[in-house]
Protein chains: 2
Amino acid sequence: MRMAKGVEWALHTLLNLDMIGGGPVGSGQLAEAHGLSASYLNKQLQLLARAQLVVSVPGPRGGFRLARPLEAITLLDVVEAIEGGTQLFQCTEIRCCGKIGELSPPPTGVCAVNAAMRRAEQAWRQALADQSLADIRVELDGTPMVRQIVRSALT
Amino acid sequence: MRMAKGVEWALHTLLNLDMIGGGPVGSGQLAEAHGLSASYLNKQLQLLARAQLVVSVPGPRGGFRLARPLEAITLLDVVEAIEGGTQLFQCTEIRCCGKIGELSPPPTGVCAVNAAMRRAEQAWRQALADQSLADIRVELDGTPMVRQIVRSALT
DNA sequence: GAAGGTATACTCGGATAACAGCTGTCCGAGTACATAAGG
DNA sequence: CCTTATGTACTCGGACAGCTGTTATCCGAGTATACCTTC
């Protein structure tokens, strides 16, 4: 079980978009900034656009720009935009199959195993929702001249 | 991103092993209990045996039995036994690649994005570690005659 | 009748294919700009 | 000189292969049991 690489790409790219500020930036430039595949990064940016985290501008001088300030974008927003809203643990209801399933009466409540796993997953989602990209930007600002580097790399 | 199906199989199977109690049960019987593939469940049980959650008994009348009471088995134990101890978010250090990587000085601390994702993952692992299989058994005991059904299905 | 050896059947254990989803790439649709022609 | 039509180049957007990891299966190694032979 591993998170899609696109999540990492999206997070760094969103931070770069904020560092630049202003007009839209093409996926090609954003990819060169970190040595990524432009086409595949574009795919991830399309997912972010569908989730309304960025807005896409077609045509020359087009590209992507942030749809909201970083304060209004949580880690959960990005993860769900890239990965989709699916659950980590997907209950197959095997309690209803096989000999035990045949001998048991039709279950009424939620599977106890599923409930326990969802509780843990909920803690994860909550921790993701509690951190915004602005919080990460604060840590990044500790390193010197980040903004200048990003701006010179993306122009 | 989806958790391996084997985690669900392992959790239900561990609970069944406790309901039965006593002697070892073969993977074939455990698989029939929920209509699973015996060979593949056996693979998962081998992973549980390596993690010392169950002990395997070879030969006829052999099988698997719990190595510890359910109180001493957490959800995290099972997840890590099946999935391995790998992180959900694996940082590729793309901050060191591309134009930004070339222009930036060699980074000293941990990547801020990675740190934030690990914090959330830590919350998940903690929530998994806080729940033992005995807690799930308590919920299961609410449903009537679970033990009799499991025992009659596994004999 | 008892002891020992042997064959057997049943289990785990690991090595081997089949499938799905992530990863990466390509080409078409659409748009803003630049250019050139006409009034 | 200003306006307008047109061509062009650059962008997003979605459709198309490749590859890693999960899912599923099969066969060999090892052992307790049952049986048969022998004393």
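We name chains A, B, ... by the order of the sequence lines, and we start the count at 1 in each one.
- Rounded to a whole Å, the CG atom of Asn42(B) is 13 Å from the C1' atom of dC10(C).
- Protein atom CZ of Arg61(A) is 17 Å distant from nucleotide atom P of dA9(D), rounded to whole Å.
- For the pair Arg119(A) and Glu121(A), the salt-bridge criterion is not met [side-chain N within less than 4.0 Å of a carboxylate O].
- Between the CZ atom of Arg65(A) and the C1' atom of dT11(D) there is a distance of 15 Å, given to the nearest Å.
- Of the candidates dC12(C), dT23(D), dG13(D), the closest approach to any side-chain atom of Ala4(B) belongs to dT23(D).
- If Met1(A) and Val25(A) are placed on DNA chain D by their nearest nucleotide, the residue sitting closer to the 5' end is Val25(A).
- At least one side-chain nitrogen or oxygen of Ser37(B) sits closer than 4.0 Å to the OP1 or OP2 atom of dT25(D).
- Checked against dA9(D), dG13(D), dA24(D), the side chain of Pro60(A) finds its nearest nucleotide in dA9(D).
- Ser39(A) comes within contact range of at least one nucleobase, with a heavy-atom separation under 4.0 Å.
- A salt bridge links Glu71(B) to Arg137(B): at least one charged side-chain nitrogen sits closer than 4.0 Å to a carboxylate oxygen.
- When rounded to the nearest whole Å, the span between CD of Gln44(A) and P of dT23(C) equals 7 Å.
- Nearest nucleotide to the side chain of Lys5(B), out of dC10(C), dT23(C), dA24(D): dA24(D).
- Across all strands, Lys43(B) comes closer than 4.0 Å to base atoms (heavy-atom distances).
- The nearest heavy atom of DNA chain C to Arg2(B) and to Gly28(B) marks one nucleotide each, and the one closer to the 5' end goes with Gly28(B).
- Rounded to an integer number of Å, the gap from Met3(B) CE to dG21(D) C1' is 15 Å.
- Residue Gln29(A) contributes atom CD, which lies 12 Å from atom C1' of dT11(D) at whole-angstrom precision.
- Whole-Å rounding puts the Gln90(A) CD to dT23(D) P distance at 11 Å.
- The side chain of Gln46(B) lies closest to dG14(C) when the candidates are dG13(D), dT25(D), dG14(C).
- The local environment of CD in Gln87(A) is crowded, with over 12 non-hydrogen atoms from other residues, nucleotides or ligands closer than 6.0 Å.
- Of the side-chain N and O atoms in Ser56(B), one or more sit less than 4.0 angstrom from OP1 or OP2 of dG13(C).
- Of the candidates dG14(D), dT23(D), dG13(D), dT23(D) carries the atom nearest the Tyr40(B) side chain, counting heavy atoms from C-beta on.
- When rounded to the nearest whole Å, the span between CG of Leu36(A) and C1' of dT25(C) equals 15 Å.
- Residues Glu80(A) and Leu128(A) fail the side-chain proximity criterion, which asks for heavy atoms closer than 4.5 Å.
- The closest side-chain donor-acceptor pair between Asp77(B) and Thr74(B) falls under 3.5 angstrom.
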